[in-house]
Amino acid sequence: MPEDAGSYRYSAVMMGSPILLKLFQPDETLARRVFQLIKQLENLLTVNRSPSQVMAINQAAGRHAVSVSLPVYQLIKLAREASLIPGGCFNFAIGPLVKRWKIGFQGHSVPPADDIARLLPLINPRDIELDDATQSVFLRHVGMEIDLGAIAKGWIADRVQDYLRQQGVDQALINLGGNVQTLGSPPHAHRWNWRVGLQKPFASRETLIGTIDVAAMSVVTSGVYERFFLLNGHHYHHILDPATGYPLDNELLSVTVVSRRSVDGDIFTTLLYGMGIGRGCQMLQGYTDIEAVFVTRDLRVICSSRRLFDFTLTDKQYRMASD
Ligand code: ADP
Ligand code: MG
């Protein structure tokens with residue numbers, strides 16, 4: 001039986017993305033509460049409008065530390081640790097560059113090289129000081145900005161999972177526009193259970209390269225086709241290389257991460273982008289509960305391993321390969 005058998009779907013548009021909640025008991029009230037929770041959590045983290053705790057930190061850059069709530073502090077601490085992993089390109093201090101490029105927003109442009117050179121010294125994650133005792137965050141220099149855009153959805157997906165469990169729900173799926181978190185497995189499923197599509201780059205959202213089958217796992221994809229602009233035949237996408245200040249330029253079109261926590265999936269998609277396939281797969285050998293699917297410009301699909309999921313290729317242009 002398909003996983004959808006007997007499911008109830010609730011949808012909304014939030015954080016600029018379509019959000020889907022699948023339950024196996026009809027519960028309009030619960031769905032409404034989940035959407036409210038997503039909104040509240042987003043308001044804590046956004047860097048695009050006040051008041052948010054992260055905005056307050058950014059506005060005090062170079063002046064003073066700002067104390068934040070425990071969950072936000074813990075997320076920032078996690079983001080800082082991930083930003084210090086050698087060879088990865090995840091960097092939560094990337095804010096000044098994201099704001100300058102405005103990729104995915106109105107007014108995007110290619111900044112003059114001088115501007116980029118001037119901003120690079122403002123994105124050093126070591127210049128973000130954390131103090132556990134006061135749960136406070138201090139950006140050492142004026143102009144520094146935290147950006148949690150790469151991990152906000154993952155963190156929120158995990159909080160939704162916690163909330164659903166508290167409410168006694170053990171079988172559900174939440175899709176926050178590219179971040180899928182699954183609870184348990186669907187009641188009528190066989191084998192791996194939930195089936196999550198791997199989107200075909202630069203095709204319509206419904207067009208898939210293949211499918212990923214998982215149970216009780218998060219599936220997160222980050223792709224160069226998500227938000228980008230074209231100028232003079234050049235493709236500028238929204239994942240920036242902290243080393244150069246320009247969009248990452250390598251053989252990858254997308255990275256999908258299967259993990260227990262969605263926030264890990266979010267961190268690893270960006271980290272692995274920077275590492276590439278060889279080094280990325282090597283790194284993943286040290287993690288038993290995180291795996292990745294890489295899609296390359298030359299139409300290859302590479303799985304780091306397949307302990308946590310099953311992958312079925314359906315597109316004829318792509319082929320399975322090993323690194
Ligand atoms: P989406 O799921 O919206 O496609 P991603 O999870 O791929 O987004 O994250 C992209 C966002 O992360 C960017 O829009 C920007 O806010 C931020 N970002 C860009 N480059 C980096 C980076 N190197 N490290 C951390 N965050 C980044
Ligand atoms: Mg992400």
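Side chains included, hydrogens not; waters and symmetry mates left out as well; all remaining heavy atoms used. Both counts, for ligands and for their atoms, begin at 1 and track the order of listing.
Asp131 pairs by the salt bridge (charged side-chain N to carboxylate O under 4.0 Å, His left out) definition with nothing, not counting sequence neighbours.
Contact residues of ligand 1 (protein heavy atom closer than 4.0 angstrom to a ligand atom; sorted by chain and number): Cys89, Phe90, Asn91, Ile94, Val98, Asp147, Gly149, Ala150, Lys153, Ser222, Glu226, Arg227, His238, Ile239, Leu240, Pro242, Asp266, Thr270.
Here the protein contributes Ala150 O, Asp266 OD1 as N, O or S atoms under 2.8 Å from the Mg ion (ligand 2).
Crowding of Arg260 atom CZ: a count of heavy atoms from other residues, nucleotides or ligands under 6.0 Å not exceeding 12. Enclosure of atom CZ in Arg33 is not indicated, since only 12 or fewer non-hydrogen atoms of other residues, nucleotides or ligands lie within 6.0 angstrom. In Gln25, the CD atom is not crowded: 12 or fewer heavy atoms of neighbouring residues, nucleotides or ligands sit closer than 6.0 Å. Heavy-atom contacts from other residues, nucleotides or ligands closer than 6.0 Å to CZ of Arg205 number 12 or fewer.
Remark: of the listed residues Thr314, Thr207, Asp315, Asp315 is the sole one forming a side-chain hydrogen bond (donor to acceptor under 3.5 Å, both in side chains) with Lys200.
In this pair, Phe229 and Tyr236 present their aromatic rings parallel. The plane angle is below 30°, not in the 30 to 60° band.
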Apply ring pair (Phe, Tyr, Trp, His ring centres under 6.0 Å) to His234 and Tyr246, showing your working.
-> CA-CA 12 Å; His234 203 97; Tyr246 286 83; 8.9 Å; no

Side-chain donor/acceptor pairs under 3.5 Å, residues 286-293, sequence neighbours excluded:
from	atom 1	to	atom 2	distance (Å)
Glu291	OE1	Arg307	N	3.3
Glu291	OE1	Leu308	N	2.7
Glu291	OE2	Ser305	OG	2.3
Glu291	OE2	Arg306	N	3.2
Glu291	OE2	Arg307	N	2.9

